[in-house]
Amino acid sequence: MKKLVAFSLAMGLIFGATAMVGTAQAAKVIKIAGMKAEGEPETIGMHKFGEYLEKLSNGKYQVKVYPNSTLGKEDKYIADTRRGTVEMNATGTQVASFHPAMAMMETPMMYDSYAHAHRAINGGVFDLLTKGFTEKSGLRCLSMFPLGFRHFYTKNPVKTIDDVKGLKLRVPNITLYTTFAKNCGINGQAMPFAEVMSSVDQGVIDGGDSPFSDITSTKVYEKCPNITMTGHILVIHALFINEKLYQSLPDQDKAWFNEAAQKAAEDVWQLVEELDKTAIAEIEKNGGKVSEATPEMKAHMLEAAHRTWELFKDPNTPTMYVPNADEIFAKAESFK
Ligand code: G3P
């Protein structure tokens, strides 16, 4: 009997030790959810983040990328990241519902070029936009990068703003977007990104506005072949992590997450113009027509944009009010 007890204890110790070694060596899996397809800037950014983090941490972390709304549409995976069942995500101004300043990531007509936006965001706009965000959302924003300037895609050609006004155009279900559409005189149909194609097919919408990367990844140009380049909003997405998880990390690991997110964002900033060119070539090769908006149309959008800017400064529009909006505008302007 004594021998049996001793044998069981020894085996227990061996198996226990083996399990501990296994646990110590197993990589910690970080799930990161996004809404865009493979090949799009958002998904490239998530993969790059994963590569950098795995390398910096020498395999301590393994990043699993879930693109294309595979962990649910944006509202769901944002909620899951706040809850901590998903560790990280990539999204954009959807998070403005917690902190209106985050909508200013995509202030209409604020940036002249990718280079301008890049300088401004890295030069202080990032810090101003995210100040106070974590406390309200339970999420930490690690870095921001561009998906592209938004242009209209429509079934019929668009020559003047009046051609757009009668159309049902999809807009993201975000106060900034619905308000800007209204200010432009557009009949905006608010819906998540993943519903765009089925809504075009069902005739619920006549088109919408998106960066080139979305227009090609969804192939919406096959149904809406007229692309009118207005560039009215630069879409910026960001990498977010559950704040409790972040705070639980040792300082060295925090530094790895920050560095990986920064490096991934820089890679996307460097790639985005080339991705636009490739997308335009694909659209044109497949019979789509890409044309510049007329100066009148651009002037109309600019005037509507400026009216929308005012709402960020107005305490009577609490869903958009940003107390330091003037500081953010001035900072962005200073990098022109
Ligand atoms: O940042 C929000 C923006 O990405 C929403 O646009 O078209 O991707 O839903 P969309």
Side-chain angles (χ1 to χ4, degrees), residues 33-46 67-70 72-78 81 89-111 117 121 125-126 129-130 133 137 139 141 143-154 168-181 184 186 188-200 204-205 207-221 224 227 230-240 265 268 272 275-276 279 308 312 319-320:
M35 69 180 90
K36 307 295 185 186
E38 290 292 356
E40 287 214 49
E42 179 187 275
T43 315
I44 293 173
M46 294 195 295
N68 219 4
S69 300
T70 40
K73 291 172 195 162
E74 47 269 34
D75 285 350
K76 178 180 183 307
Y77 71 68
I78 292 168
T81 315
N89 71 52
T91 190
T93 49
Q94 285 84 0
V95 294
S97 55
F98 313 117
H99 182 62
M102 292 302 265
M104 290 186 73
M105 283 201 284
E106 298 181 9
T107 304
M109 302 288 201
M110 188 157 77
Y111 297 119
I121 288 171
V125 168
F126 177 95
L129 297 176
T130 54
F133 169 71
S137 65
L139 299 170
C141 183
S143 64
M144 292 178 185
F145 51 80
L147 304 200
F149 283 95
R150 294 182 96 93
H151 308 292
F152 289 114
Y153 53 87
T154 48
K168 290 172 286 176
L169 296 183
R170 178 265 168 176
V171 290
N173 195 9
I174 299 168
T175 309
L176 167 70
Y177 278 89
T178 49
T179 308
F180 179 53
C184 290
I186 287 169
Q189 307 290 310
M191 64 184 71
F193 176 73
E195 290 172 21
V196 168
M197 276 311 275
S198 56
S199 300
V200 171
V204 175
I205 53 172
D209 69 326
S210 278
F212 279 116
S213 54
D214 284 346
I215 294 172
T216 47
S217 80
T218 54
K219 298 211 182 299
V220 71
Y221 62 79
C224 300
I227 317 300
T230 44
H232 47 277
I233 289 179
L234 174 58
V235 178
I236 300 284
H237 277 202
L239 297 180
F240 297 94
V268 180
V272 69
L275 292 173
D276 277 355
T308 310
F312 287 123
T319 53
M320 285 186 70

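Heads up: numbering here begins at 1 and tracks the sequence. Just follow the structure's listing: the first ligand is 1, and inside any ligand the first atom is 1. Keep in mind that this is a model prediction, so the values were computed, not measured. Side-chain atoms are counted along with the backbone in the values below, which use heavy atoms only and exclude waters and symmetry mates.
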Worksheet item: Among all protein non-hydrogen atoms, which one is nearest to atom 2 (C) of ligand 1, and what is the separation to 0.1 Å?
Response: T93 OG1, 3.2 Å
Worksheet item: Any chance the side chains of E40 and S217 put a donor and an acceptor closer than 3.5 Å?
Response: yes
Practice prompt. Can you sort out which atoms of ligand 1 are near K36, meaning under 4.0 Å from one of its heavy atoms?
Written response: 8 (O), 10 (P)
Practice prompt. List in chain and number order the residues that pass side-chain hydrogen bond (donor to acceptor under 3.5 Å, both in side chains) with T107, two or more places apart in sequence or in another chain; answer none if no residue qualifies.
Written response: none
Discussion item. I need the nearest protein heavy-atom contact for atom 5 (C) of ligand 1: residue, atom name and distance, please.
Written reply: P172 CG, 3.5 Å
Practice prompt. Give the residue, atom name and distance (to 0.1 Å) of the protein heavy atom nearest atom 6 (O) of ligand 1.
Written response: R150 NH1, 3.1 Å
Discussion item. Side chain, backbone, both or neither: which applies to V235 and ligand 1 if a contact is any heavy-atom pair less than 4.0 Å apart?
Written reply: side chain
Worksheet item: What's the shortest distance from atom 1 (O) of ligand 1 to any protein heavy atom, and which residue and atom give it?
Response: E106 OE2, 2.4 Å
Item to complete: Answer with yes or no whether the side chains of H232 and D209 bring together a donor and an acceptor at under 3.5 Å.
Response: yes
Practice prompt. Check each atom of ligand 1 against the heavy atoms of R170 and keep those under 4.0 Å away; list them by number with element.
Written response: 7 (O), 9 (O), 10 (P)
Practice prompt. Would you confirm whether the ring centroid of F133 sits within less than 6.0 angstrom of the ring centroid of F240?
Written response: yes
Worksheet entry | Q94 and T91: CA distance, side-chain angles, deciding distance, side-chain hydrogen bond (donor to acceptor under 3.5 Å, both in side chains) verdict | CA-CA 7 Å; Q94 285 84 0; T91 190; 2.9 Å; yes
Item to complete: Can you sort out the partners of E42 under side-chain hydrogen bond (donor to acceptor under 3.5 Å, both in side chains), two or more places apart, ordered by chain and number?
Response: H237
Worksheet entry | Enumerated ligand 1 atoms positioned under 4.0 Å from heavy atoms of H237 | 1 (O), 2 (C), 3 (C), 4 (O)
Discussion item. Side chains of Y177 and R170: any donor to acceptor distance under 3.5 Å?
Written reply: no
Item to complete: Give the numbers and elements of all ligand 1 atoms closer than 4.0 Å to a heavy atom of F193.
Response: 7 (O), 9 (O)
